[in-house]
Engineer: 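My questions will all concern the structure given below.
By convention in this document, chain letters (A, B, ...) are assigned in the order of the sequence lines, proteins followed by strands, and residues within each chain are numbered from 1.
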Amino acid sequence: MITVLSRVLGHEYAGPMRRTVALMAATAIAEGLSYALLVPVLRALFGGGDAWPWLLGFGTAVAGYAVLRYVSDLAGFRVGTSVMHGVYHRLGDHLARLPIGWYTAGRVGEVSALAGRGVLQAMSVSAHFLAPFISACVTPLTIVAVMLAVNWQLGLAALAAVPVVAAVQVFAARRSVATDAERAAREHDAAARVIEYIEAQPVLRAGGRTGERFRLLDDSLRGLHRASRRSALSALPGVVGSALTVQAVFTALAALGAYLALGGEIGAAEVLATLVLAARCADPLLALSEVGGALRAAFAELARLDAVFRTEPLPVAPQPVEPSHHDLSFEEVTFRHGDRTVVDGLSLWVPHGHRLAVVGPSGAGKSTLLHLLARFHDVDAGAVRVGGVDVRMIDPDVLMSKIAIVFQEVYLFDGTVEDNVRLGRPDATDAEVRAAAKAARLDEVVERLPGGWSAGVGEGGALLSGGERQRVSIARALLKDAPIVLLDEVTSALDPVNEAAVHEGVERLMAGRTVVMVAHRLRTVRRADRIVFLDRGRVVEEGTHDELLQRGGRYADFWALSAVG
Amino acid sequence: MGVLVRPFVGSFALVVVFQVVGAVAGLVPLLAVVELGRLLLQAGPLDEGRVWFVVLAGAVGLFVRLVFTAASSGVGHLLDGRVQLSFRRRLAEQLGRVPIGWLSGRRTGELAKVVGEDVSAVHPFIAHTPGDMVAAFVVPLVSLVYLLTVDWRLTLITLGPVLLAIALVPLMMTPARRREQEEFDGAMGRISDSVVEFVRGIAVVKAFGGAGRAHRRFRTAADEFVGTFSRWVRGVSGIAAGMQLALSPPFVLLAVLTGGAVLIGDGSLAPADLLPFLLLGLGLTAPVASLGHGFDDMQAAHRAVGRIRDVLAVPPLPEPAHPATPEGHRVELRGVRFGYDDDHEVLRGVDLVLEPGAFTALVGPSGSGKSTLIRLLPRFFDPTHGAVTLGGVDLRDLADRDRNRLVSFVFQDVHLLRASVADNIALAVPHADREDVVRAARRAGIHDRILELPRGYDSVIGEDAGLSGGEAQRLSLARALLADAPVLVLDEATAFADPRTEQAVRRTLAELRGERTVLVIAHRLETVADADTVVVLENGSVVERGTPAELVARGGTFSELWKGVAQ
């Protein structure tokens with residue numbers, strides 16, 4: 001737990017955190033010790049002596065405790081805040097360094113939740129739970145020490161309870177970890193089912209299944225119900241167990257005290273003072289299981305954060321080499337995703353300024369080739385080279401500056417059209433931005449938009465159509481003016497009007513650059529210098545359009561499929 | 001909401017009663033110690049039997065408390081599970097009924113959050129609130145009454161720290177504090193927006209150089225968030241720490257002992273009567289102390305219930321009271337106008353007839369209203385003006401069942417479920433037999449691919465097998481074919497995933513020709529060329545219609561489109 005905490009916090013915060021914990025522990029000890037003065041105060045009050053000097057001492061001790069407590073409360077808040085600041089920054093920096101390949105669809109939701117409430121919950125550890133937790137552990141122990149000093153028999157009885165209470169706590173925590181994990185898994189599953197169900201609504205409705213109980217979803221809701229029942233029931237023995245021990249010890253102390261008092265071995269004042277002290281132990285101990293549960297939940301978030309932090313970004317070469325030209329090559333490249341070999345011993349060469357088209361059935365690994373060139377992932381074997389230099393030896397920023405990518409799915413930031421185009425080259429002049437937009441025929445779109453250039457595009461570009469977003473993305477790439485262009489099925493989901501516009505933009509983008517394009521629509525492929533046909537991660541055919549047609553192989557089949565009306 | 005909760009009221013009452021019995025029994029051991037004190041401190045010989053009786057009574061009290069609180073907690077948690085299941089089922093049912101238009105205006109993730117997290121947030125209400133409330137109010141009240149009977153002056157003194165803490169509460173509610181709280185909520189929203197944007201746009205961030213704009217925005221949002229957080233904490237923490245201090249056991253004990261010393265000193269209080277205050281007095285702080293953290297949960301639960309209620313309150317599209325019977329399956333749109341919001345009309349008076357057996361291609365630039373038009377047919381929305389009729393009957397007067405029997409759809413975005421391939425195909429026709437499923441898959445050109453999967457038609461998508469985009473689209477075509485309705489509406493954007501899928505769609509369309517009414521949002525010239533009628537939609541109205549040859553000859557929008565692609 002502690003190692004996870006210090007790893008997530010970062011080393012610079014470990015010191016202040018330790019000091020805060022020490023301060024909290026000191027406060028708890030001060031509280032316990034101040035209770036020692038209850039014994040003489042009560043002896044005086046019950047025995048008819050002068051209580052005032054002792055009471056004054058107790059008052060002084062309470063004042064000391066108050067100062068410590070105030071300081072440590074504030075320290076808790078302060079450390080929590082500064083740690084939160086550090087964690088957010090570290091998380092942001094780390095996320096920016098992680099390879100794009102790490103970001104699967106599911107990760108987006110997971111990481112967003114983590115960075116939002118996750119960090120806050122993890123940090124609430126220091127602000128809200130740490131102090132009660134430490135106080136619940138340390139104060140009773142101090143009180144037991146005080147009891148030992150007052151009366152060794154009663155003290156010993158209380159001391160004997162310490163390992164039992166600790167054992168019950170540990171047992172309860174272990175028990176709930178497993179069922180909590182199961183419940184979390186079920187929650188995850190149910191959430192996925194709900195999303196599925198909502199997304200499938202058009203199909204379900206069109207099929208007349210309106211408002212009907214949907215079996216897949218209902219099964220998973222019932223699964224969640226069962227899991228949460230199990231986790232609630234399994235937590236019960238722990239809660240009952242710790243209550244039972246604490247109360248049994250209290251009763252035992254009362255009985256022992258009565259016995260000793262009856263035997264005349266101890267004064268009434270001592271017995272009563274000890275029982276008041278014991279009552280002071282009981283409350284924090286009973287709260288311990290609750291605070292412990294909250295702490296565990298917070299630590300679960302910490303563990304998730306830790307898992308993200310421990311994901312290594314792709315290594316950066318210590319002495320990066322800058323490529324001087326821009327031919328591209330794959331040498332015996334193998335890349336696996338999980339158990340699946342996506343690219344299998346593939347070799348390819350694209351000379352500087354040439355256009356290579358990659359064709360093949362879906363799932364053949366076409367897009368992966370582009371991802372490997374842009375180093376979204378690292379290869380498992382072989383090498384990907386740009387200008388003869390292994391991409392792993394090139395500074396990531398330099399590599400990115402040489403590549404312009406246009407994806408099928410375009411993501412736009414919630415800003416204006418202009419902001420989004422300018423992302424291609426932030427220091428471009430207005431004239432350059434306009435020129436790029438015109439070349440991508442984005443100017444037509446801008447004219448139509450209310451607000452023109454300064455029109456917002458909405459979250460993710462939701463206010464623009466697919467074709468319009470694609471034009472923004474091409475304008476961006478044109479503005480970037482990179483020597484290497486990667487195109488991933490750019491026109492495959494567009495209607496005829498947008499397709500014509502985008503096509504024109506793409507032609508301008510490709511002029512004079514080294515291009516690798518993945519395409520389904522074979523019309524666009526025809527004019528490439530060379531075409532490779534990919535299947536199951538291997539090149540099965542390679543040549544110009546005419547050569548491949550003549551060969552009468554897979555490509556020719558594909559061509560026939562898509563050309564015959 | 002009331003209907004939702006009613007079946008659980010009985011069990012809930014039981015939880016509360018158990019909790020009260022347990023909590024009051026929990027006072028018995030403390031009272032036993034008080035009694036023990038009186039016995040020990042009284043002058044004269046000790047009554048041994050009575051001492052042991054008191055100790056025994058304390059032990060019994062403890063046992064009763066243990067049994068009842070455990071029972072209450074157990075029943076409460078079980079009840080909680082049942083309530084959550086029933087809420088979730090009710091929500092799922094509602095999501096299956098609300099207009100698709102309402103669904104599409106919301107983020108799927110947010111709705112999933114209502115069903116998941118928001119229902120879970122109700123948990124403390126049921127499982128913990130009774131216990132917390134009893135601990136916070138019943139126990140202190142009983143103690144207060146008892147202490148008042150012992151000595152009213154010392155009771156007031158004991159209440160001193162509580163009053164001090166309460167006096168600090170208004171300081172936490174000042175306008176400045178409220179403003180800070182609101183700012184904090186706002187900053188929280190902004191940071192989660194910016195992290196979503198950051199993560200979703202990561203490919204762009206990276207492709208345009210490491211220190212991208214979203215990264216900066218995230219950092220700014222984080223700084224701003226931490227800033228407001230610390231302002232809020234700085235404003236509140238002093239007061240909160242002060243309150244905590246006033247309620248802390250040493251401080252309360254100090255007050256009690258000081259008051260006790262004065263009263264014992266002037267002889268107006270028996271020393272033994274001090275004991276109940278030392279043991280029970282601390283409990284009086286519970287109501288105020290619990291205000292702090294229990295309150296946050298309660299507020300969160302309250303907000304969650306509000307969101308659940310909002311979803312449950314959405315009215316479904318009205319069902320006809322007396323459904324009319326359609327004759328034939330001629331589809332007609334008459335003067336149809338529609339907009340997603342009031343100030344922006346997407347369809348501006350569309351007239352369109354789909355004769356039985358006709359093949360109609362719908363073309364037009366993006367944003368012209370094609371997808372909206374076909375979404376009116378399954379009644380995802382109702383037109384704002386005009387009417388859509390099927391077999392001569394307005395869709396609004398048609399039973400859902402008849403509409404679904406007559407029209408089937410292939411939508412642009414395909415969603416496969418994590419279920420077997422067969423279940424996915426039979427999604428809209430859950431009781432279809434395997435033969436029909438296989439026949440539909442064959443016609444959609446996906447049968448052979450399915451046989452290649454590890455468990456054929458029983459392979460679970462996402463577990464045993466993943467399908468590519470094109471394959472998923474063919475599977476969705478099989479879904480529509482299985483429904484076997486006389487009218488098929490298809491968005492051809494689906495056809496572009498790969499040549500094989502294109503071919504499957506084209507072959508299907510050719511086979512269905514003359515046999516079924518087909519309306520296609522056409523993206524391919526080949527499809528358009530095959531159509532009996534081409535309808536060109538622009539800006540929400542039909543601008544041209546006719547056979548493909550006529551339209552090319554006319555030299556209007558269509559012929560321009562045609563040239564643009566054919567070049």
Engineer: Let me know if Ala59(B) has heavy atoms under 4.5 Å from chain A in its side chain, its backbone, both or neither.
Structural biologist: both

Engineer: If you count heavy-atom pairs within less than 4.5 Å of chain A, which of Leu36(B), Leu91(B), Leu66(B) leads?
Structural biologist: Leu66(B)

Engineer: Which region of Arg418(B), side chain (C-beta onward) or backbone (N, CA, C, O), has a non-hydrogen atom less than 4.5 Å from a non-hydrogen atom of chain A, or is it both or neither?
Structural biologist: both

Engineer: Look at Ala232(A), Ala255(A), Ala254(A) and state which one has the largest set of heavy-atom pairs under 4.5 Å with chain B.
Structural biologist: Ala255(A)

Engineer: Sort Arg193(A) into side chain, backbone, both or neither according to what part of it lies under 4.5 angstrom from a heavy atom of chain B.
Structural biologist: side chain

Engineer: Which atoms of Ala243(A) come close to chain B, meaning under 4.5 Å heavy atom to heavy atom: side chain ones, backbone ones, both, or neither?
Structural biologist: both

Engineer: Answer with side chain, backbone, both or neither: which region of Val98(B) has an atom nearer than 4.5 Å to a non-hydrogen atom of chain A?
Structural biologist: both

Engineer: Below 4.5 Å from any heavy atom of chain A, which atoms of Thr69(B) appear? Answer side chain, backbone, both or neither.
Structural biologist: neither

Engineer: Quick one: does His77(B)'s side chain get under 4.5 Å of Arg229(A)'s, heavy atoms only?
Structural biologist: no

Engineer: Report which part of Asp80(B) has an atom under 4.5 Å of a heavy atom belonging to chain A: side chain, backbone, both, or neither.
Structural biologist: neither

Engineer: Is Leu274(B) close to chain A through its backbone or its side chain, or both, or neither, when contacts mean heavy atoms under 4.5 Å?
Structural biologist: side chain

Engineer: Any chance you could lay out the side chain to side chain contact (heavy atoms under 4.5 Å, CB included) test for Arg219(B) and Tyr88(A), step after step, and finish with the verdict?
Structural biologist: CA-CA 8 Å; Arg219(B) 288 183 78 119; Tyr88(A) 270 128; over 6 Å; no

Engineer: What part of Leu221(A) gets within 4.5 angstrom of chain B, counting heavy atoms only: side chain, backbone, both, or neither?
Structural biologist: both

Engineer: Chain B heavy atoms under 4.5 Å from Glu187(A): which part of the residue, side chain, backbone, both or neither?
Structural biologist: side chain

Engineer: For a 4.5 angstrom cut-off between non-hydrogen side-chain atoms, does His225(A) reach Arg88(B)?
Structural biologist: no

Engineer: Most heavy-atom pairs under 4.5 angstrom with chain B, which of Ser228(A), Ala66(A), Ala191(A)?
Structural biologist: Ala66(A)

Engineer: Using a cut-off of under 4.5 Å for heavy-atom pairs, which of Ala70(B), Ala261(B), Pro316(B) has the most such pairs with chain A?
Structural biologist: Ala261(B)

Engineer: Report yes if some heavy atom in the side chain of Ser248(B) is under 4.5 Å from a heavy atom in the side chain of Tyr65(A); otherwise report no.
Structural biologist: yes

Engineer: Check whether any side-chain heavy atom of Leu41(B) sits under 4.5 Å from a side-chain heavy atom of Leu272(A), and report yes or no.
Structural biologist: yes

Engineer: Which atoms of Leu56(B) are under 4.5 Å from chain A, going by heavy atoms: the side chain, the backbone, both sets, or neither?
Structural biologist: neither

Engineer: Where does Arg65(B) contact chain A at under 4.5 Å (heavy atoms): side chain, backbone, both or neither?
Structural biologist: side chain

Engineer: When you compare the side chain of Phe58(A) with that of Thr258(B), does any pair of heavy atoms fall below 4.5 Å?
Structural biologist: no

Engineer: Is His85(A) in contact with chain B via its backbone, its side chain, both, or neither, using a 4.5 Å heavy-atom distance?
Structural biologist: both

Engineer: Would you call the rings of Trp52(B) and Tyr259(A) parallel, tilted or perpendicular, taking 30° and 60° as the class edges?
Structural biologist: tilted

Engineer: Within the 4.5 Å heavy-atom criterion, are Gln84(B) and Leu224(A) side-chain neighbours or not?
Structural biologist: no

Engineer: With only heavy atoms counted, which part of Leu62(B) is less than 4.5 Å from chain A, the side chain, the backbone, both or neither?
Structural biologist: both

Engineer: Using a 4.5 angstrom heavy-atom cutoff, name the option from Gly227(B), Gly37(B), Gly116(B), Ala221(B) with the most pairs to chain A.
Structural biologist: Gly37(B)

Engineer: What part of Ala190(A) gets within 4.5 angstrom of chain B, counting heavy atoms only: side chain, backbone, both, or neither?
Structural biologist: neither

Engineer: What part of Leu95(B) gets within 4.5 angstrom of chain A, counting heavy atoms only: side chain, backbone, both, or neither?
Structural biologist: both

Engineer: Between Arg280(A) and chain B, with a heavy-atom cut-off of 4.5 Å, which part of the residue counts as in contact: side chain, backbone, both or neither?
Structural biologist: side chain

Engineer: Chain B heavy atoms under 4.5 Å from Leu74(A): which part of the residue, side chain, backbone, both or neither?
Structural biologist: side chain

Engineer: Sort out for me which of Leu91(A), Asp93(A), Thr251(A), Val271(A) touches chain B most, counting heavy-atom pairs under 4.5 Å.
Structural biologist: Asp93(A)

Engineer: Heavy-atom distance under 4.5 Å between the side chains of Val276(A) and Leu275(B), does that happen here?
Structural biologist: yes

Engineer: Heavy-atom cut-off 4.5 Å, strictly under: side chain, backbone, both or neither for Leu254(B) against chain A?
Structural biologist: both

Engineer: Any side-chain heavy atom of Leu40(B) within less than 4.5 Å of one from Phe46(A)?
Structural biologist: no

Engineer: Below 4.5 Å from any heavy atom of chain B, which atoms of Leu45(A) appear? Answer side chain, backbone, both or neither.
Structural biologist: both

Engineer: Would you mind telling me which of Leu38(A), Leu217(A), Leu55(A), Val240(A) has the largest number of heavy-atom pairs within less than 4.5 Å of chain B?
Structural biologist: Leu55(A)

Engineer: Please determine whether side chain to side chain contact (heavy atoms under 4.5 Å, CB included) holds for the pair Val115(B) and Tyr197(A), giving the CA-CA distance in whole Å, both sets of side-chain angles, and the decisive distance to 0.1 Å.
Structural biologist: CA-CA 12 Å; Val115(B) 180; Tyr197(A) 174 69; over 6 Å; no

Engineer: Tell me, for Phe63(B) versus chain A, whether the close heavy atoms (under 4.5 Å) come from the side chain, the backbone, both or neither.
Structural biologist: neither

Engineer: What residue, out of Leu275(A), Leu216(A), Leu262(A), Leu233(A), has the most heavy-atom pairs lying under 4.5 Å from chain B?
Structural biologist: Leu262(A)

